[in-house]
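Taking it in order: structure first as C-alpha cells, then the write-up.
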Amino acid sequence: MSTTTDAPKTRGTAGPGERLADWTDGRLGLYTLAKANMRKIFPDHWSFLLGEICLYSFTILILTGTYLTLFFVPSMAEVEYDGPYVPMQGVMMTEAYASTLDISFEVRGGLLVRQIHHWAALIFVVGLLFHMMRVFFTGAFRKPRELNWLFGWTLLILAIFTGLTGYSLPDDLLSGTGIRFMEGAILATPVIGTYLQMFLFGGEFPGHDIIPRFFVIHVLLLPGIMLGLVTAHLILVFYHKHTQYAGPGKTNTNVVGMPFLPVYMAKAGGFFFLVFGVITAIAATVTINPVWVLGPYRPDQVSTNAQPDWYLGFSEGLVRMMPGWEWVIPGGYTLNLGLMIPLGVFPGMLVLIGLYPFFESWVTKDRREHHIAERPRNSPTRTGFGVAWLTAYVVSLIAGGNDVWAVNFNLSINAITWFCRGAFFILPVLTFIATRRICIGLQRRDMEKVLHGRETGIIKRLPHGEFIEVHEPLSPHQRYALVAHDQQQPVEIGAETDENGVRRKVSPLERLRARISRGYFGEHAQISKPTAEEYRAITSGEGHH
C-alpha cells in the first residue's frame, strides 16, 4: 500500500479568491469559527418555525422601512395638498401626511411596500407572542436560557412601542387619535405628567415636534436596540443549543437533528422566501391603514371605530373597563384614577410574564440545566398560569373594541363593558382551574396508555363470556416519549425541631415557597409515572383488563 501527498500550492498556483480567503482567515480566524459552528446540529420541529417567522418578518421590516424612509418627510409643517388624489386637493395637512399620500399614489411600488411593512409588523408581533408562548408552555426558559427569555421579552416590549411610533407617523386622523390617547395617559402621571408631555410634544398638544421625534425613535433608536437584541438572542441560541422534545436518543447532553449547513440553511432560506411571499400576497390583496380615507389629523375630530393595532388594543381595553374615578387630594391636586390604575396594570401584566422564569426557579430550587422541552400537560400549574394570563389579555382586547362589538352585534356597549369588568377578574381564575384539571386528565390518560396500550375499538369475547376491548401495545419509542419527563418533588421544610429537640427557625418566605411548591408538584398537581414493576405486572397479564 502506498500513499501520495500533494505538494503544497505555491503563491503562483493559488487563485486570487483562495489567496483572499487565506489572507482573511489569517487575520480573523473565520475558517476555524466556521468549522466549529457551520456543522452545528439543530433539532427539527414545526414549532421552531415560529422563531424563524419573527426573524424573517423583522428582516422584511428593515428592508421595506429603508425604502419608505427615502420618501417620507417627518415634518409637521402645514402644506396645501395638490397631489394626484383628487378628494384631498386643496386640503391643509402636515408634510408627513402629504408625503404618505405621495408614497401611496406617486412612488412606484410605494403603496405595496407600505402595506408589506404594516403587515410584516403585525406578523412580527404575532410571531413574537406565539414564539414566547411556545417557550413558556414547554419550559424552554429554564436554566441556562433565562437571559435569552429576557431578550425575547424585551423584544416584544420594544416591538409594541415601535409599532406605536410607526403607525403614528402618517399623522392621519386615526393615528392622531392614538397619539391623543397617549398624551392623556402621560398627563395622568402624578407630579411629572405635565412636564413629560411638554418635553415630548415640544409644547401644548399637538405641538410641532412629535412626528420628527417619533421618526427618530422609530427608524434609529428602537430598531437599533432590537437588532442588537436579535443578534444576542441568536448567539445564545448557538451557544446553549436549541431545546428538543423528548424522544429516543435525545438527552440533556446531545442534540438530534440536522446540521446547520447545508440542510438547515437551505430549509431556512426557502422558508424566508415563503414568509416574504405570503406577506407580499396579503399586502397585495388586503388593504390596511388606508390613510386617504381617514384624512389628516385635526384635534377637534375623532375617526369612527378608532382602534389601535391589536397588540396595543388590550391597553385601551384596560382604560375602557376602568370607571372614570378621580380623587382630589388636599391642595387641589386631582388624581385621575381612571387612567392611573389601568396604566399601572398594563406594565404589570407584561412584567408578570417577563419575570415568571425567575419565580419558578425560586419555587422549585432547581439549579440543573434543561435542554429537553416539556409537554405543557406535564406542568399543569405553569400551563394554567399561562392560559389565565392569555385569558386576561383577550378580555382586555375585547374591551378595547367594545364599541365595534356593540355596533356589529347589536349589543349594549354598557353591557359589554360590565361583562369585561367581571370577566377580567373571574375568567382567568376559572380558566386556570379548568386548564390544570385538563392537563392532569391528559397525564392520567398518558399513563393509562403506557400501562395498557392504545385503545383499538375492537371488542373481543373471552371463552368464559366476558367482553373486553383489545389494546394495542405502544412501541418503545412512544412509551419513552410519554415517560421521559422529570417529575419535580415539592420543596419540604423538614422537621420542626433539630436532632437536639430545639425548634428550627423557618422564615415566612420559606414557608410560602413550600406551600407554593406543593401547589406546583403535590399529589393533586401531577400523576405519578408508572414504575417498572407496574408495567411488568400489566404486560405479564397479572393486571390486564
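Side chains included, hydrogens not; waters and symmetry mates left out as well; all remaining heavy atoms used.
Here the closest heavy-atom approach between residue Cys54 and residue His131 is recorded as SG-CB, 4.2 Å. In plain terms, the two heavy atoms of Leu343 and Ala185 that are nearest each other are CD1-CB, 3.2 Å.
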Steps toward side chain to side chain donor-acceptor pair (under 3.5 Å) verdict (Ser104, Arg114) | CA-CA 8 Å; Ser104 302; Arg114 264 195 66 228; 2.9 Å; yes
Could you check Asp172 against Ser175 for side chain to side chain donor-acceptor pair (under 3.5 Å), going step by step and ending with a plain yes or no?
-> CA-CA 6 Å; Asp172 60 286; Ser175 65; 2.9 Å; yes
Walk me through it: do Phe385 and Phe137 pass the test ring pair (Phe, Tyr, Trp, His ring centres under 6.0 Å)?
-> CA-CA 10 Å; Phe385 278 138; Phe137 287 119; over 10 Å; no
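Ring geometry for Phe161 against Phe346 counts as perpendicular: the plane angle is over 60°, on a 0 to 90° scale with 30° as the lower cut. The aromatic rings of Phe359 and Trp362 sit tilted relative to each other, their planes meeting at an angle between 30° and 60°. Between Tyr264 and Phe42, the ring-plane angle classifies as parallel under the 30° and 60° cut-offs.
When only modelled atom types and interatomic distance are considered, Tyr356 and Glu360 share a side-chain donor-acceptor pair under 3.5 Å. Inspection of the Thr383 and Arg436 side chains reveals no N or O donor paired with an N or O acceptor under 3.5 Å.
Looking at Pro342 and Val345, their side chains never come closer than 4.5 Å, going by heavy atoms from C-beta outward. Residues Leu61 and His117 are in side-chain contact: their nearest non-hydrogen atoms beyond the backbone lie under 4.5 Å apart.
Ring centroid separation for the pair Tyr97 and Tyr81 does not come in under the 6.0 Å cut-off. Separation of the His45 and Tyr245 ring centroids falls under the 6.0 Å cut-off.
Screening residues 278-296 for side chain to side chain donor-acceptor pair (under 3.5 Å), with sequence neighbours left out, gives no hits.
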